[in-house]
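Working notes, beginning with the structure itself.
Both backbone and side-chain heavy atoms feed into the values below; hydrogens, waters and symmetry mates do not. Reminder, nothing fancy here: chain letters follow the sequence lines and each chain counts from 1.
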2 protein chains.
Amino acid sequence: MKPSSAPLPRGDATRAALLAAALQVFGDKGFEAASTRQIAAAARANIAMIAYHFGGKEGLRAACADHVAAVLSGIFGTAAAPRVETASQARAALKALARAGVRGIVADEAARPLARFLLREISDPSPAFARVFETGFAPLHARVCRLWALATGEEPESEATRLSVFALIAQIVYFRIARAPVLLRMGWSEIGPNQAAAIEAIVLANLEAALDAAGRRA
Amino acid sequence: MKPSSAPLPRGDATRAALLAAALQVFGDKGFEAASTRQIAAAARANIAMIAYHFGGKEGLRAACADHVAAVLSGIFGTAAAPRVETASQARAALKALARAGVRGIVADEAARPLARFLLREISDPSPAFARVFETGFAPLHARVCRLWALATGEEPESEATRLSVFALIAQIVYFRIARAPVLLRMGWSEIGPNQAAAIEAIVLANLEAALDAAGRRA
DNA sequence: ATATGATAATCAATCGATTGATTAATTGAC
DNA sequence: GTCAATTAATCAATCGATTGATTATCATAT
């Protein structure tokens, strides 16, 4: 981020506005249901600027995917970096990651548009996002697998380890995706800090239980 | 279901064909992205028949929701019925439900269109589906919560119990929703019987571990 | 400094295509 | 003959994309 003292060159401002608006609208309604007119209106820009800056609606989607990938690798790239060598360190690192995941994906208001867009791309991947999976997601997943292996004594790349990590991720993203039935059944009107804390407690308890059980098996 | 020996009254045949086609197309591409023309073509029916039989595209969606709700309550209504009175019986019932969930939602080819439509309605609920949540989903969730409580000694309607059941559901539906990244990371080309069995093993292991841990707490 | 020309950015207007919906005419069973 | 079911044709509305004209920005020459 450059200090805002240097106002962005005229073009970059609307480009950024379009990207932010697209992330929001794509995430809210899905790619097909989102209209370029609505995005342009939200960005206070002319419709033609989408084609000018991104080549079209599909290009705008690809730019959103790249942006999401950059932000994600920025967050998790550093968060998962610290030296981890013992089983208890690995367990603590996994718990920290799960906590960060619940807060970032389920609770954080600022990250909400990003998370919503990301989860839509997960269930309906665009060609552009397939690349993000390989370059951004797979290495991150592999790193979490190594933590899991270190904490349990299992093999880092065994089928069970990889699927267990997916099951951990599942519990986090579910509360974002299935927000409607969760709110209804829990009698909540929103997922605020208190609700996120309750979810976090369950996810962490499940993580501990799964690590213990896997450790006993290995 | 009336025996097919009595050939359906002329109208009901195209009505059923439209419903099946809509379930498929809505599930594949989402409600907004699905066009009535594509649905009509898949059902070998005229576009106007959608308005004639269902009142419009939205009515077709509502009819799909009702159909899904009917099928679901038919499946789970009987599957969760058997008398359960001891903790070990409850644990066995939960494991059976998890197994049925993985097979029905993740693996079963026949149930795939239904599952895909259902999961789309979960993340983007239509007004018609809100009713399904209350009348169909919430009671089922409550019943699973009673099983959970019986198996662990926790309170059936405690926040922790209800969230734990959601976390169990999460692991099942995730492998349907996030199929693309899972296939990529696992090096699979599809989720067939073998892959479903591997997923099932992880989900069941996590269920056992969570039940044990919860039982120790309560 | 200032004028000039090139480039980048923005705009209103409009394009053909496709959307969901509707109409009027036709079919077919009883 | 009657009426529910079906069809082809058409509706207005909206979609993403593109156009040509206009404005802003900046490097360069003087």
Separation of [N] [atom2] from [X] [atom1] (nearest whole Å):
| X | N | atom1 | atom2 | answer |
| --- | --- | --- | --- | --- |
| B:Ile50 | C:dG20 | CD1 | C1' | 9 Å |
| A:Asp12 | D:dA24 | CG | P | 18 Å |
| B:Phe54 | C:dG20 | CZ | P | 15 Å |
| B:Met49 | D:dT7 | CE | C1' | 9 Å |
| B:Glu58 | C:dT19 | CD | P | 17 Å |
| A:Lys57 | D:dC15 | NZ | P | 9 Å |
| B:Tyr52 | C:dT23 | OH | C1' | 15 Å |
| A:Arg44 | C:dC11 | CZ | P | 12 Å |

Using a 3.5 Å distance criterion without hydrogens, assess whether the side chain of A:Arg179 forms a donor-acceptor pair with backbone atoms of A:Val106.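 Checking the backbone N and O of A:Val106 against the side chain of A:Arg179, a donor-acceptor pair under 3.5 Å is found.
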Under 4.0 angstrom between A:His53 side-chain N/O and C:dT10 OP1 or OP2: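 Yes, within the criterion.
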Just to confirm, is there a sub-4.0 Å distance from OP1 or OP2 of C:dT10 to any side-chain nitrogen or oxygen of A:Thr14?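 Yes, within the criterion.
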Within the modelled atom types, does a donor on one side and an acceptor on the other bring the side chain of A:Asn46 and the base of C:dA9 under 3.5 Å apart?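 Donor-acceptor pair under 3.5 Å: no.
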Touch check for A:Ala34, heavy atoms < 4.0 angstrom, all strands: base, sugar-phosphate only, or nothing?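 The residue A:Ala34 makes sugar-phosphate contact but no base contact.
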N-O pairing of A:Arg131 and A:Asp66 below 4.0 Å: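 A:Asp66 and A:Arg131: salt-bridged.
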Is the shortest side-chain N to carboxylate O distance from B:Arg185 to A:Glu157 below 4.0 Å?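 Salt bridge: yes.
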Residue A:Ser35, side-chain atoms from C-beta onward, closest of D:dC15, C:dG20, D:dT18: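 When the side chain of A:Ser35 is considered, D:dC15 is the closest of D:dC15, C:dG20, D:dT18.
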Establish, for the pair A:Lys57 and A:Phe26, whether the NZ or CZ atom is under 6.0 angstrom from the six-membered ring centre and no further than 45 degrees off its axis.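 Judged by the rule (NZ or CZ under 6.0 Å from the ring centre, within 45° of its axis), A:Lys57 is not positioned above A:Phe26.
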How about B:Gln171 and A:Phe166: do any of their side-chain heavy atoms sit closer than 4.5 Å?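 Result no, sub-4.5 Å side-chain heavy-atom pair not found.
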Name the residue closer to the 5' end of DNA chain D, choosing between A:Ala33 and A:Ala48 according to the nucleotide with the nearest heavy atom.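 Closer to the 5' end of DNA chain D: A:Ala33.
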